[in-house]
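First up is the structure itself, then whatever we jot down about it.
Order of appearance sets the numbers: ligands from 1, and atoms from 1 within every ligand. In this text the structure is predicted, and so the values were computed from the model without any measurement.
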Amino acid sequence: MIEGVVVTPLRKIPDERGMIMHMMRADAPHFEKFGEIYFAVSYPGVIKAWYRHARQIQNYAVISGMIKLVFYDPREDSPTRDTVQQLFIGEDNYCLVRIPTDIYSGYKTYGVKPAILANCTTEPHDST
Ligand SMILES: Cc1cn([C@H]2C[C@H](O)[C@@H](COP(=O)(O)OP(=O)(O)O[C@H]3O[C@H](C)C(=O)[C@H](O)[C@H]3O)O2)c(=O)[nH]c1=O
């Protein structure tokens, strides 16, 4: 596992009406800071890469569909420098993935339906 990447299994609580899908709460051990939450929808087969953020920690949960999520660690001071990691996450493996600053990440949507990725970040998005 790349240093700083944390995978936390999340609960789905079903009943006859549907389900509750946990993601983030302020008293959870994995909560750090709230910046923004948004939903990225990707059609089947779409690749989104590469991302690298200097300030913003990302927390991904894929609420519908599946993605192959890949990381590369270029950090000179990291014990996992030059490591590649891949995860298959989404409705069949419902979890929260913490992505630390300064690593590269990217993903591909697979399967037959769009993936809906919720991203709860520690800083508001800034495209500059
Ligand atoms: C994230 C965001 C984007 N935008 C605008 C900026 C662009 O005009 C458009 C698409 O943004 P972007 O190309 O950044 O979208 P993605 O390639 O899906 O990437 C975003 O969602 C993936 C999952 C990441 O992890 C990235 O960090 C995040 O940038 O939406 C906004 O106006 N506000 C926002 O909060």
Side-chain angles (χ1 to χ4, degrees):
M1 188 78 81
I2 285 178
E3 180 81 2
V5 173
V6 181
V7 180
T8 305
L10 293 173
R11 280 187 75 194
K12 292 182 186 180
I13 306 168
D15 64 25
E16 64 272 28
R17 301 165 300 172
M19 72 182 92
I20 293 296
M21 301 172 74
H22 281 176
M23 182 175 176
M24 186 70 91
R25 48 189 288 164
D27 60 356
H30 49 261
F31 177 77
E32 291 170 77
K33 186 183 169 196
F34 179 74
E36 177 178 359
I37 186 164
Y38 60 83
F39 301 87
V41 180
S42 312
Y43 300 123
V46 164
I47 295 171
K48 289 187 163 189
W50 293 96
Y51 302 115
R52 188 184 189 191
H53 293 279
R55 291 188 306 279
Q56 162 183 136
I57 294 168
Q58 324 251 53
N59 289 284
Y60 282 4
V62 176
I63 61 172
S64 183
M66 291 294 294
I67 67 168
K68 175 180 176 177
L69 179 59
V70 181
F71 303 123
Y72 169 70
D73 184 358
R75 297 168 297 181
E76 285 185 9
D77 58 348
S78 171
T80 53
R81 185 180 182 194
D82 286 336
T83 303
V84 172
Q85 180 183 349
Q86 65 180 35
L87 298 168
F88 296 89
I89 67 165
E91 61 188 45
D92 297 334
N93 178 24
Y94 186 54
C95 58
L96 189 74
V97 181
R98 174 190 190 271
I99 306 173
T101 56
D102 295 327
I103 72 166
Y104 289 99
S105 66
Y107 62 91
K108 179 176 182 179
T109 303
Y110 67 93
V112 295
K113 63 181 184 179
I116 304 175
L117 184 160
N119 188 11
C120 185
T121 64
T122 55
E123 310 292 334
H125 178 77
D126 179 0
S127 48
T128 59

Within the distance-only criterion (no hydrogens, no angle test), does the side chain of T122 pair as donor or acceptor with the backbone N or O of I57 below 3.5 angstrom? yes
Does this structure show an ion pair linking E3 with R81, if we count only N-O contacts that are shorter than 4.0 Å? no
Any protein heavy atom lying closer than 4.0 Å to atom 8 (O) of ligand 1? no
I'd like to know if atom 30 (O) of ligand 1 has any protein heavy atom within a distance of less than 4.0 Å. no
State the atoms of ligand 1, each with its element, that fall below the 4.0 Å cut-off from a heavy-atom position in K48. 16 (P), 18 (O)
Can you confirm whether some protein heavy atom lies under 4.0 Å from atom 35 (O) of ligand 1, or whether none does? yes
Under the 4.0 Å line, does any protein heavy atom show up next to atom 15 (O) of ligand 1? no
Is I103 reachable from Y72 through a run of I, L, V, M, F, W or Y residues, each pair having side-chain heavy atoms under 4.5 Å apart? no
Backbone or side-chain N or O of Q56 under 3.5 Å from ligand 1 N or O: no
Output yes when D77 and R75 qualify as a salt bridge under the 4.0 Å nitrogen-oxygen rule, no when they do not. no
Which residue and heavy atom of the protein sit nearest atom 33 (N) of ligand 1, plus the separation: H125 CD2, 3.8 Å
Partner of E123 under side chain to side chain donor-acceptor pair (under 3.5 Å), chosen from R55, K33, Q58, Q56: K33
Proximal ligand 1 atoms for E36, defined as those under 4.0 Å from one of its heavy atoms: 34 (C), 35 (O)
Spell out, yes or no, whether I99 and L87 are grouped together once hydrophobic residues are joined by side-chain heavy atoms under 4.5 Å, including indirect joins. yes
Nearest protein heavy atom with distance in Å, relative to atom 25 (O) of ligand 1: Y60 OH, 2.5 Å
Pick, from Y51, Y38, F39, the option with the minimum heavy-atom distance to atom 21 (O) of ligand 1. Y38
Evaluate the 4.0 Å heavy atom contact test for atom 5 (C) of ligand 1: does a protein atom fall under the cut-off? no
Measuring from C95:SG to M23:CE, what's the distance to the nearest 0.5 Å? 10.5 Å
Which of the atoms of ligand 1 are close to Q58, meaning less than 4.0 Å from one of its heavy atoms? 25 (O), 27 (O)
Check for a donor-acceptor pair, side chain of Q86 on one end and backbone N or O of L69 on the other, with a separation under 3.5 Å. no
With the threshold set strictly below 4.0 angstrom, can you tell me whether any protein non-hydrogen atom sits that near atom 12 (P) of ligand 1? no
Could you work out, with ring pair (Phe, Tyr, Trp, His ring centres under 6.0 Å) as the rule, every residue matching Y104, not counting sequence neighbours? none
For atom 27 (O) of ligand 1, the protein heavy atom that lies nearest, with its residue and separation: H53 NE2, 2.7 Å
